[in-house]
Amino acid sequence: MLTLKFIQENRKTVIDSLKVKNFDATQLVDAILEKDELRKKTQQQQEECQAQMNTISKEIGMLFKDGKAQEANAAKEQSTQLKENIKVFTSRLSEIESELHKLLVQIPNIPHVSVPVGKCDTDNEKIREGGVMPVLADSAKQPHWDLAKQYDLIDFELGVKITGAGFPVYKGKGARLQRALINFFLDENEKAGYTEVLPPLVVNEDSGFGTGQLPDKEGQMYHVTEDNLYLIPTAEVPVTNIYRDVIVSENELPIKNTAYSACFRREAGSYGKDVRGLNRLHQFDKVEIVAIEKPERSYAMLDSMVAHVETLVQKLSLPYRILKLCGGDMSFTSALTFDFEVYSAAQERWLEVSSVSNFESYQANRLKLRYRIEGEKRNQLAHTLNGSALALPRIMAAILENNQTEKGIQIPEVLVKYCGFNVID
RNA sequence: GGAGAAAUGGCCGAGUGGUCGAAGGCGCACGCCUGGAAAGUGUGUAUCCGUCACAAGCGGAUCGGGGGUUCGAAUCCCUCUUUCUCCGCCA
């Protein structure tokens with residue numbers, strides 16, 4: 001969330017820039033400012049009583065020590081009313097604070113100045129593209145779900161039997177290819193300076209709040225109600241939350257982590273060609289990169305993450321394009337997001353395989369993730385960033401479709417050593 | 001799952017109702033000492049909020065979380081969480 005101070009000092013900027021996200025924040029912002037005034041006033045009243053009470057208590061202590069019990073008891077009487085007042089102010093204050101908090105979390109992150117105006121994904125700005133668009137022969141132009149069946153790589157029906165739609169079973173060379181991709185991505189990320197972590201796949205409420213999934217977006221996550229835990233929709237959640245309530249020193253930055261995890265998403269309301277085959281699943285594998293950096297360097301970090309992800313799709317020889325998301329297509333918490341899409345030649349459509357974002361201090365403020373600046377008194381909120389590097393299913397789909405021939409599916413060169421085979425036939 | 005013990009600052013560790021935001025040690029930072037370093041020595045060393053100039057000063061809060069008793073709680077009570085020991089179970 002945005003800090004109160006920022007909203008106070010930049011009321012107009014907040015309102016204006018959120019228009020780019022098609023969000024009218026005027027009423028919210030004003031309600032927040034008003035509520036905070038009330039908070040301050042109430043807090044002052046409460047603290048004044050508190051201070052008086054502390055003084056009296058000390059006096060009573062002294063009196064008892066000096067053996068002046070009578071005077072002490074008189075002072076006790078005096079404190080009764082004060083105590084009552086404190087109680088009233090305290091409960092009023094905590095109510096106001098929780099109302100204020102509820103308002104505060106409703107404000108999305110403000111977009112970076114470079115974010116294009118737009119309503120939906122058609123308004124995204126193409127930054128660049130690369131790779132060679134494959135030309136498939138008519139005799140070898142099957143969508144990946146057919147290929148998966150033909151070569152017995154992925155069994156969607158079996159997943160339905162075991163769990164339900166959207167939980168495929170990878171088999172044989174399909175499973176092996178999946179594992180090869182995971183290892184390839186992790187190795188590449190480590191080479192680029194990201195330290196691997198293997199996080200829990202289930203998180204508590206605090207973690208869900210820290211990265212912005214909770215409140216409001218709980219419908220997207222599977223909820224284990226018995227223990228009040230959530231299955232992670234992305235490794236971003238547990239990995240970023242490693243740094244919740246942490247104060248790092250300046251020279252520890254940047255922090256760079258990579259993590260493989262299964263991801264679980266309810267995807268309520270999705271339908272049609274979007275959910276066909278591997279296009280959209282309830283459980284899928286993803287390798288994530290997460291970075292924590294100083295504010296003044298976070299956009300350089302974002303660029304380097306984008307550049308790194310680009311090398312991954314290049315090494316896999318997939319045709320890709322990079323989009324800068326418009327305000328309307330960005331997530332609630334992001335300040336600037338680049339999406340990567342690869343072309344899936346048989347479906348003849350672009351599939352999103354990575355989303356790389358700078359959250360600036362929006363998550364950090366929720367996480368209380370700060371860093372200590374040499375020679376300065378106050379700690380600063382750090383900036384958090386993350387991106388997929390990469391999400392597996394659609395990469396798998398594109399590899400299968402783009403590399404199909406009448407004789408089988410060619411494995412990209414970089415994966416051969418991970419797979420142990422160079423063709424699926 | 002059952003029984004018991006514990007949770008204090010970056011770390012270790014005192015503190016069982018009053019001036020304790022918290023002794024002492026370690027670590028760290030700066031200074032002195034030194035040709036340089038070590039040793040020695042001095043000073044400093046949590047976070048948040050309010051007032052204010054995001055200064056100083058002042059006030060408030062925080063000793064795992066929440067609640068309670070009390071004029072007053074790190075200290076007493078309740079509850080939750082976590083850790084350790086023993087038993088059970090298990091990959």
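In this structure, A/K76 does not reach the B/U70 phosphate: none of its side-chain N or O atoms is under 4.0 Å from OP1 or OP2. Not one side-chain nitrogen or oxygen of A/N54 sits closer than 4.0 Å to the OP1 or OP2 atom of B/G72.
Nucleotide B/C52 forms no Watson-Crick or G-U wobble pair with any nucleotide shown, as no partner meets the under 3.5 Å limit on both distances. Under the Watson-Crick and G-U wobble criteria, each requiring two contacts below 3.5 Å, nucleotide B/G88 is left unpaired. Under the Watson-Crick or G-U wobble criterion, with both distances below 3.5 Å, B/C76 is paired with B/G68. Nucleotide B/A29: paired with B/U43 (Watson-Crick or G-U wobble, both distances less than 3.5 Å). For B/A37, there is no paired nucleotide, since no Watson-Crick or G-U wobble pair has both relevant distances below 3.5 Å. With a 3.5 Å ceiling on both atom-pair distances, the Watson-Crick or G-U wobble partner of B/A6 is B/U82. The partner of B/A23 cannot be assigned: no Watson-Crick or G-U wobble pair with both contacts below 3.5 Å exists in any strand. Across all strands shown, B/G17 forms no Watson-Crick or G-U wobble pair with both distances under 3.5 Å.
Between A/E188 and A/K191 there is a salt bridge, with a side-chain nitrogen of the basic residue lying less than 4.0 Å from a carboxylate oxygen of the acidic one. The pair A/D30-A/R11 meets the salt-bridge criterion, since a charged nitrogen lies less than 4.0 angstrom from a carboxylate oxygen.
Comparing B/A29 with B/U81, their P atoms are spaced 41 Å from each other, to the whole Å.
In this structure, A/K173 forms a cation-pi arrangement with A/F421, its terminal cationic atom sitting closer than 6.0 Å to the ring centre and no more than 45° off the ring axis.
Around atom CD of A/E190, more than 12 heavy atoms belonging to other residues, nucleotides or ligands sit under 6.0 Å away.
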Nucleotide by nucleotide, 5' to 3', does protein get under 4.0 Å of the base (B), only the sugar-phosphate (S), or neither (-) in nucleotides 47-53 of chain B, counting heavy atoms?
SSBSS--
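The one candidate from A/L323, A/D121, A/V313 that meets the side-chain contact (heavy atoms from CB on, under 4.5 Å) condition with A/E341 is A/L323.
Counting only residues at least two apart or on different chains, the ring-ring contact (aromatic ring centres under 6.0 Å, His included) pairs with a member in residues 73-103 of chain A are A/H101-A/F209. For residues 16-65 of chain A, there are no ring-ring contact (aromatic ring centres under 6.0 Å, His included) pairs, not counting sequence neighbours. Contacts classified as ring-ring contact (aromatic ring centres under 6.0 Å, His included) and involving residues 284-313 of chain A (residues at least two apart or in different chains) are given here: A/H112-A/Y299, A/Y194-A/H308.
When the side chain to side chain donor-acceptor pair (under 3.5 Å) test is applied to A/S355, the partners found at least two apart in sequence or on another chain are A/D339.
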Between protein and nucleotides 89-91 of chain B, what N or O pairs are separated by less than 3.5 Å?
none

